[in-house]
Amino acid sequence: MMFGRKRVLVTGGAGFLGSFLCERLLADGHDVLCVDNYFTGSRDNILHLLDDQRFEVIRHDVTFPLYIEVDEIYNLACPASPIHYQFDPVQTVKTSVHGAINMLGLAKRTKAKIFQASTSEVYGDPTVHPQTETYWGNVNPVGPRACYDEGKRCAETLFFDYHRQFQLNIRVARIFNTYGPRMHPRDGRVVSNFIIQALQNQPITIYGDGRQTRSFCYVDDLIEGFVRLMGAPDDVTGPVNLGNPGEFTIRELAEIVVEMTGSRSEIVSRPLPQDDPMQRRPDISRAKQVLDWEPKVPLRDGLSRTIAYFDGLLRRHGTVEALAAAPR
Ligand code: NAD
Ligand code: UDP
Ligand code: UDP
């Protein structure tokens, strides 16, 4: 057996981030077990990995117990976009909370190291800018985003309680907005929406006045951060912010996408969703210090790769509606 080769479980492995993580772990020589219920993920995302003898897939919902033998667990299972996590909010809470309990129980029994994909949403609509890990956040516990925000906050609590109570080896990453190929074309996130709208010369929908900000990390940079966090010394539990500190208004993003696609789209305004955070930018000092990590891919480079991906999809399927109807 190769030195350092591990059996690694990736929950949510057929999703956007999960599929890139599975690919990376296989490239690093590990055996990878992908668990997904295909709520927002798709077999298309992992089709290219199926021929690899070291890759295994189980259709399973993490809200139910799972008894397998593993060395490491990356817990990514959870819908990530507002449209998808608000579609069935109770299931979103169950996925975050029961899913975390089951994966922590599995880690406890197998003595596996366990990573949690947490989120910048734990900071809510932040009153501290940029956000540091020591900031406790500003979350509305009863609003439409709460199923996701509070679910993820409770999962963090569970991770730290299992760590203190049962000495579990935990890693908690707070992920800021990440984009790239294989984002779900209809999950309503801003980067995929704007690119698909621009490529079809349809109106670019800015919610509110477009002055709200986000910081966009390219997927390759993020996955490198995941692997470094998992490989860091055992006292590095996190939480660690992972994201790109470059901050853009949503209007700026719209203008860049229109320019890069050479689109004839006009920019239109739509109502701002309730509790939409006004500003977001990670302070990544901790990640720099403990992981020697920082993003390398500038926004325009990442966008051009993402535009090429969606352009390819649209050329194959015609429209986004046909794409959505196609078997995935
Ligand atoms: P995604 O929707 O593409 O992936 C989530 C995956 O989890 C999908 O494959 C989905 O089918 C699966 N899933 C959902 N519920 C499940 C359940 N109950 N059992 C098993 N599988 C289930 O989203 P993503 O962007 O790849 O996000 C992955 C993780 O990273 C999520 O936990 C998300 O909260 C977190 N995250 C992502 C971002 C981002 O910008 N992409 C930012 C912060 C946090
Ligand atoms: N669990 C699991 N796989 C395992 C071990 C546990 O899915 O290999 C689940 C199990 O359903 C349990 C949960 O994880 O309810 C939490 O496990 P823990 O050992 O912490 O709790 P207990 O079993 O004592 O309730
Ligand atoms: N947004 C927008 N138009 C869209 C989709 C999103 O203006 O078509 C805005 C949204 O209101 C938010 C930002 O873009 O202010 C990021 O939205 P996304 O859903 O991608 O992520 P999140 O709000 O979870 O950071």
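Ligands are counted one by one from 1 in listed order, and the atoms in each one are counted from 1 as well. Note that the numbering runs from 1 along the sequence shown for the chain.
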Could you walk me through whether F248 and R214 satisfy the side chain to side chain contact (heavy atoms under 4.5 Å, CB included) test, starting with their C-alpha distance in whole Å, then the side-chain angles of each, then the deciding distance to 0.1 Å, before giving a yes or no?
CA-CA 6 Å; F248 297 84; R214 292 294 187 274; over 6 Å; no
From atom 7 (O) of ligand 2, is the closest protein heavy-atom distance below 4.0 Å?
yes
For ligand 1, is there an atom lying under 4.0 Å from some heavy atom of Y179?
no
Tell me, do S192 and H184 make a side-chain contact under 4.5 Å, heavy atoms counted?
no
Between F20 and L17, does a side chain to side chain contact (heavy atoms under 4.5 Å, CB included) hold up when you go through it step by step?
CA-CA 5 Å; F20 280 97; L17 298 179; 6.0 Å; no
Using a strict cut-off of 4.0 Å, indicate which atoms of ligand 2 neighbour a heavy atom of I101.
13 (C), 14 (O), 16 (C)
Please classify the S118 to ligand 1 contact at 4.0 Å (heavy-atom distances, strictly less than): side chain, backbone, both or neither.
backbone
Using side-chain heavy atoms (C-beta onward) and a distance below 4.5 Å, is V257 in contact with V191?
no
Report yes or no: does R174 have a heavy atom closer than 4.0 Å to ligand 1?
no
Can you find a pair of side-chain heavy atoms, one from D88 and one from Y85, that are under 4.5 Å apart?
no
Please determine if K111 and E69 form a salt bridge, counting it only when a charged side-chain N lies under 4.0 Å from a carboxylate O.
no
Would you check whether K152 reaches within less than 4.0 Å of ligand 1, judged by its heavy atoms?
yes
Look at atom 16 (C) of ligand 3 and say which protein heavy atom is nearest, naming residue and atom and giving the distance to 0.1 Å.
R214 NE, 3.7 Å
Numbering as shown, the atoms of ligand 1 that approach H60 to under 4.0 Å (heavy-atom distance):
19 (N), 20 (C)
Which of these, T11, N102, N37, has its nearest heavy atom closest to atom 15 (N) of ligand 1?
N37
For P65, take its heavy atoms, then give the atoms of ligand 2 lying under 4.0 Å from any of them.
7 (O), 11 (O)
Going by an N to O cut-off under 4.0 Å, is there a salt bridge joining R24 and E224?
yes
Checking the N or O distance criterion of under 3.5 Å, is ligand 1 in contact with G41?
yes
So that I can tick it off, tell me whether D149 and R153 are bridged by a salt bridge, with the cut-off set at under 4.0 angstrom between side-chain N and carboxylate O.
no
Are any of the heavy atoms in Q91 under 4.0 Å away from ligand 1?
yes
Region of Y162 engaging ligand 2 - heavy atom pairs below 4.0 Å
side chain
Does I307 reach the side chain of T261, with side-chain heavy atoms less than 4.5 Å apart?
yes
Say whether F16, considering both its backbone and side-chain N or O atoms, lies within less than 3.5 Å of an N or O atom on ligand 1.
yes
What is the nearest protein non-hydrogen atom to atom 13 (C) of ligand 3, stated with its residue, atom name and distance?
I250 CD1, 3.7 Å
Can you sort out which atoms of ligand 1 are near N177, meaning under 4.0 Å from one of its heavy atoms?
40 (O)
Atom 1 (N) of ligand 3 sits nearest the protein heavy atom Y207 CD1, 3.4 Å
Side chain, backbone, both or neither: M103 near ligand 2, heavy atoms under 4.0 Å
neither
I need the nearest protein heavy-atom contact for atom 3 (N) of ligand 3: residue, atom name and distance, please.
T205 O, 2.6 Å
Option set A80, C78, G15, criterion heavy-atom distance to atom 5 (C) of ligand 1, minimum:
C78
Show the atoms of ligand 3 that are less than 4.0 angstrom away from any heavy atom in G188.
5 (C)
What protein heavy atom sits nearest atom 21 (O) of ligand 3, and how far away is it?
N177 ND2, 3.4 Å
Looking at atom 23 (O) of ligand 2, would you say a protein heavy atom lies below 4.0 Å from it?
no
Between E72 and R171, does any NZ, NE, NH1 or NH2 come within less than 4.0 Å of an OD or OE carboxylate oxygen?
no
Lys/Arg cation over aromatic Y218: R305, 6.0 Å, 45° cone:
yes
Are any non-hydrogen side-chain atoms of T205 and I267 less than 4.5 angstrom apart?
no
Nearest option to atom 10 (C) of ligand 3, as decided by whichever heavy atom of V190, L253, V191, D276 sits closest
D276
Can G99 be said to touch ligand 1, with heavy atoms closer than 4.0 Å?
no
Under 3.5 Å, N or O to N or O, is Q212 touching ligand 3 that way?
yes
Answer yes or no: are there more than 12 heavy-atom neighbours, outside F64 itself, under 6.0 Å from its atom CZ?
no
Which of the ligand 3 atoms, numbered from 1, are nearer than 4.0 Å to a heavy atom of P82
19 (O), 24 (O)
Is the closest heavy atom of R189 to ligand 1 under 4.0 Å?
yes
Ion pair D31/R5, N-O distance below 4.0 Å:
yes
Would you say S120 has any N or O atom under 3.5 Å from an N or O of ligand 1, going by distance alone?
no
Quick check: are there more than 12 heavy atoms from other residues, nucleotides or ligands sitting under 6.0 Å from CZ of R109?
yes
Is it the side chain, the backbone, both or neither of Y38 that has a heavy atom closer than 4.0 Å to ligand 1?
backbone
Is any side-chain heavy atom of T11 closer than 4.5 Å to a side-chain heavy atom of Y74?
no
Heavy atom of S96 under 4.0 Å from ligand 1?
no
